[in-house]
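The structure appears right after this line, and notes come after that.
Letters A, B, ... mirror the listed sequences (proteins, then strands); counts begin at 1. Note that this is a predicted model, so its numbers are computed, not measured. All heavy atoms count here, side chains included; hydrogens, waters and symmetry mates do not.
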Amino acid sequence: MNKIEAKKVTFSYSDKIIIKDITFTVGAGETWAIIGRNGAGKSTLLKCLCGLLSINKKRAMKEKTPSSEICHRGDVLINNINIANLSPRQIAKQIAYVPQGVGRIPPPFTVREYLAMARFPYGGIWGSGLSPDDKKNIENALELTDTVHLAERMMNTLSGGELQSAFIAGAAAQGTPFLLLDEPTVHLDPYHQENIRKLIERMYTQRGVSVITVTHDVNFALSTHNNILALVDGETFFCGTKKEFCINAIGNLSKIFSVDFDVAECRGGKIFYYVNGGAV
Amino acid sequence: MKIGQLGIIMLALIAAAFIALLPFIGMETIGIAQLFSDALQKEIFLTLRLPRVLIAFAAGGGLAVCGLVFQGIFRNPMADPFTLGVASGASFGAALTILTGITGAFLGIPIITLGALCGAALSFILVITFSSTTRSTSSNTILLAGIAASFFFSSLLMFSQYLSDMRGTFRIVRWLMGGVEVFGYGSLLSILPFIVIGLILITANAAALDHFLAGEDIAQTRGIRVRRSRNLLLFSATIIVGGIVSVCGPIGFVGLMIPHFCRRLFGASHKILLPACLLSGGIFLMICDAFARTIAAPTDIPVGVITALLGGPFLVWILRRYRY
């Protein structure tokens with residue numbers, strides 16, 4: 001039932017077009033990885049999907065973005081309603097967003113307080129106390145993300161991996177059918193990358209949440225997600241299922257990232273790696 | 001959470017006790033018996049001491065809450081009504097009305113209050129316009145713009161002082177030191193609406209303040225109307241500061257110090273921090289004013305002198321093991 005549709009989404013800063021005519025639909029329970037090189041427009045697309053960047057001309061003018069310099073086109077629809085007609089609270093009940101963690105100052109709250117803040121869209125204007133439903137959602141999110149033992153810790157005392165789990169726990173506590181993740185594993189060690197990967201899997205297998213992940217880690221993208229959207233210079237290079245992508249995975253990856261890729265058999269699966277000059 | 005609420009109740013009790021007891025202290029201590037037997041002492045108590053203590057409480061609390069709001073919005077531990085130029089603007093506006101000698105009221109608001117409000121608003125608009133034209137959302141840009149505005153208005157203030165006669169200059173210098181000497185309840189009543197309206201708006205946006213600490217992108221995707229909340233908060237803080245400065249002059253340091261003190265005790269949640277800052281700020285300024293009245297009696301020392309004198313070392317002591 002739930003779905004997000006992007007229709008010919010175009011976004012530009014000044015005269016530079018960041019993304020152009022992106023069209024794709026994310027249905028209930030689907031998992032999408034948006035891959036591409038740095039600057040291909042992955043994060044910009046994600047921000048358009050959750051309303052952080054507005055592609056609506058009227059709203060862009062209202063928010064005093066110098067509209068003459070900007071070329072915005074297209075629509076984002078959430079359950080067939082244009083995102084421009086939804087209030088931040090209404091969007092927040094549908095979509096949770098976890099921004100890039102690198103360089104982000106951790107807020108001075110405990111993990112449990114941070115999760116409680118995520119229930120804001122469901123409260124009154126005065127942000128009254130937590131309802132039983134809120135508390136249930138917070139406990140569920142802690143268990144789902146395996147952060148129960150961190151609940152009373154201050155966010156600014158957590159390690160990088162723990163912090164990323166806490167940020168995702170916050171998004172899980174928001175209780176939305178869609179979860180948007182921007183480079184969730186980028187600065188993490190293999191152990192914590194694996195943790196985050198399992199966590200994302202639990203999000204859609206146990207909760208039925210649709211996950212959209214921006215990443216340039218191709219193995220993470222292909223192992224954890226069923227659909228791939230590949231961007232090259234802001235335009236759609238590939239949009240479809242993982243199966244279709246893997247028919248010519250090496251060719252696709254080499255074109256997307258402009259380096260030669262190769263594949264290795266490993267534990268009955270495949271590992272993709274790029275061939276650099278400095279092989280050991 | 002429970003400890004926080006308990007702390008607020010404690011603070012409220014302490015504040016109530018001080019409001020009841022401090023009016024007895026002054027140049028000469030008034031005894032309870034005298035209050036009922038001596039008409040003159042009763043008059044001093046009711047029209048001089050009590051309003052003075054009440055206005056110290058309101059001003060201290062208001063300034064502390066404004067400091068908290070500015071620090072929260074700009075995510076910068078150095079933000080307060082003074083570093084953002086709002087207080088300097090208000091001072092200049094008020095000083096102009098003192099110099100020009102215009103008195104009276106407009107729509108029931110004293111001219112000096114209007115002057116201070118206009119000055120505060122002017123400085124605030126200057127800072128916001130400047131920082132939005134640079135298209136930088138960095139809090140450092142806004143803070144730098146605020147410091148620039150602060151110096152700009154200080155210079156204007158000095159200039160106008162230099163041009164005026166001895167009497168005008170003395171009045172402004174004395175006023176700039178800050179003080180809560182009032183006669184009767186008129187001043188309190190004239191600034192109370194600004195403080196009350198400001199506090200209501202700020203309380204309604206307490207959740208937004210919490211979310212700003214997590215970052216504006218997270219705040220917006222959590223359902224906060226970021227731009228509207230920020231503008232409402234800044235507007236509220238500006239009218240509170242404008243109102244307070246018009247009566248008490250620029251009382252420094254309360255807005256900077258009290259929020260840090262409260263965060264140390266109560267954590268970072270603004271639902272608790274707002275009442276905590278209001279009460280602690282009020283208590284702090286009442287105590288400072290009690291010192292001001294008694295330390296060199298019969299001379300009244302300007303309370304602005306005391307706040308920084310007591311507050312400076314205290315802040316350093318708080319900050320020893322604390323990171324914002």
**OP:** Would you mind checking which part of A/Phe167 comes under 4.5 Å of any heavy atom in chain B, side chain (CB onward), backbone (N, CA, C, O), both or neither?
**Re:** side chain
**OP:** Verify the distance criterion only: is there a donor paired with an acceptor across the side chains of A/Thr213 and A/Thr215 at less than 3.5 Å?
**Re:** no
Original post:
So what's closer than 4.5 Å to chain B heavy atoms on A/Arg104: side chain, backbone, both or neither?
Top reply: side chain
Subject >> Salt-bridge contact A/Asp133-A/Arg119 (side-chain N to carboxylate O under 4.0 Å) >> reply: yes
Original post:
Which residue out of A/Pro106, A/Pro121, A/Gly170, A/Ala118 racks up the most heavy-atom pairs below 4.5 Å with chain B?
Top reply: A/Ala118
**OP:** Under the salt bridge (charged side-chain N to carboxylate O under 4.0 Å, His left out) rule, what do B/Lys271 and A/Glu113 come out as? Steps first, then yes or no, please.
**Re:** CA-CA 12 Å; B/Lys271 236 183 256 175; A/Glu113 283 170 344; over 6 Å; no
Subject >> Top contributor to chain B contacts, counting heavy-atom pairs under 4.5 Å, from A/Pro99, A/Ala96, A/Cys50 >> reply: A/Pro99
Subject >> NZ/NE/NH1/NH2 to OD/OE distance under 4.0 Å, B/Glu216 and B/Arg75 >> reply: no
